[in-house]
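If you read the sequence from its start, that first residue is 1, and numbering goes on from there.
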Amino acid sequence: MRNDGGYEIIKTAIEKLKLRHKEHISAYGEGNERRLTGKHETADINTFSWGVANRGASVRVGRDTEKDGKGYFEDRRPASNMDPYVVTSMIAETTILWKP
């Protein structure tokens with residue numbers, strides 16, 4: 001993702017996250033239904049979205065990532081009370097290992 005051409009890999013990873021949205025939400029911490037309302041720079045818990053420099057999306061891609069064609073993305077759905085080991089392993093398994 002951070003090498004030349006990585007933006008296409010990022011978009012593929014985001015599409016995989018979209019396909020497993022409900023599964024991820026269920027492990028992303030308690031109380032997300034109160035936080036992810038679609039208001040106040042959050043995405044609605046029931047709808048997956050992504051965008052460049054969009055703080056109201058489920059997954060945000062930085063403006064420089066799009067411009068440079070490589071970089072990183074930010075999954076904005078996990079709550080502060082999530083288990084970081086569970087969430088990190090789910091993101092890695094979905095974006096790297098899972099074949100839809």
Side-chain angles (χ1 to χ4, degrees):
M1 292 181 187
R2 294 182 184 237
N3 294 326
D4 290 339
Y7 189 56
E8 291 305 314
I9 295 168
I10 289 169
K11 290 193 293 187
T12 299
I14 292 171
E15 286 305 312
K16 288 181 176 182
L17 288 170
K18 178 180 180 179
L19 294 174
R20 294 179 102 178
H21 175 66
K22 288 184 181 180
E23 183 180 338
H24 280 249
I25 284 292
S26 69
Y28 276 13
E30 295 180 26
N32 260 346
E33 67 281 353
R34 292 188 309 271
R35 186 177 68 83
L36 297 177
T37 62
K39 300 175 184 173
H40 312 294
E41 295 187 338
T42 66
D44 178 75
I45 193 168
N46 298 307
T47 308
F48 182 90
S49 62
W50 75 277
V52 175
N54 182 351
R55 294 175 54 97
S58 305
V59 174
R60 178 184 151 307
V61 175
R63 199 174 308 279
D64 286 341
T65 297
E66 181 186 44
K67 181 180 70 110
D68 297 342
K70 60 184 176 183
Y72 67 94
F73 66 88
E74 171 190 346
D75 191 339
R76 297 177 53 81
R77 299 171 296 169
S80 61
N81 63 2
M82 56 76 181
D83 182 329
Y85 299 102
V86 170
V87 171
T88 301
S89 67
M90 285 185 81
I91 292 171
E93 196 275 329
T94 297
T95 60
I96 300 168
L97 302 174
W98 185 56
K99 306 287 185 217

Count the heavy atoms of every other residue, nucleotide or ligand shown that sit under 6.0 Å from CZ of Arg35, and state whether that count exceeds 12. yes
To the nearest 0.5 Å, atom CG of Asp75 lies from atom CG of Leu17 at 6.0 Å
Taking every heavy atom of Ala57 against every heavy atom of Gly51, the minimum-distance pair comes out as CB-N, 3.8 Å
Pairwise distance CG(Asp64) to OH(Tyr72) - rounded to 0.5 angstrom: 7.5 Å
Mark yes when over 12 heavy atoms from residues, nucleotides or ligands other than Glu30 sit less than 6.0 Å from its CD; otherwise mark no. no
What one should report as the nearest heavy-atom pair of Leu19 and Pro100 is CD1-CB, 3.9 Å
Any chance you could lay out the side chain to side chain contact (heavy atoms under 4.5 Å, CB included) test for Phe73 and Thr95, step after step, and finish with the verdict? CA-CA 11 Å; Phe73 66 88; Thr95 60; 4.3 Å; yes
Are Ile9 and Val59 in one and the same hydrophobic cluster, where Ile, Leu, Val, Met, Phe, Trp and Tyr link if side-chain heavy atoms are under 4.5 Å apart? yes
Going by atom types alone, do His24 and Thr94 pair a side-chain donor with an acceptor below 3.5 Å? yes
So do the side chains of Pro84 and Met82 get within less than 4.5 Å of each other, counting heavy atoms only? yes
Student check: side-chain heavy atoms of Glu66 and Tyr7 closer than 4.5 Å: yes
For Gly29 and Ala79, work out which heavy atoms get closest and say how close. CA-CB, 4.2 Å
hydrophobic_cluster_shared for Leu36 and Phe48, side chain cutoff 4.5 Å: no
Interatomic distance, Asp83 atom CG to Ser89 atom OG [nearest 0.5 angstrom]: 8.0 Å
Under a 3.5 Å distance rule, please check whether Ser26 uses its side chain to pair with a backbone N or O of Glu23 as donor and acceptor. yes
Can you list the other members of the hydrophobic cluster that holds Ile96, where links are side-chain heavy atoms under 4.5 angstrom apart? Leu97
Applying side-chain contact (heavy atoms from CB on, under 4.5 Å) between Trp50 and each of Glu15, Lys18, Arg76, Arg60, report the one that passes. Glu15
Asn54 side, atom CG; Glu41 side, atom CD - distance, nearest 0.5 Å: 9.0 Å
Atom pair NZ (Lys22) and CD1 (Ile45), whose distance is rounded to the nearest 0.5 Å: 11.0 Å
Please report the shortest heavy-atom distance between Val87 and Pro78, naming the atom on each side. CG1-CG, 3.8 Å
Within a strict 4.5 Å, meaning less than it, do heavy atoms of the Lys70 and Asn3 side chains meet? no
Using a 3.5 Å distance criterion without hydrogens, assess whether the side chain of Asn32 forms a donor-acceptor pair with backbone atoms of Arg77. yes
Closest heavy-atom contact between Gly62 and Val52? O-CG1, 4.0 Å
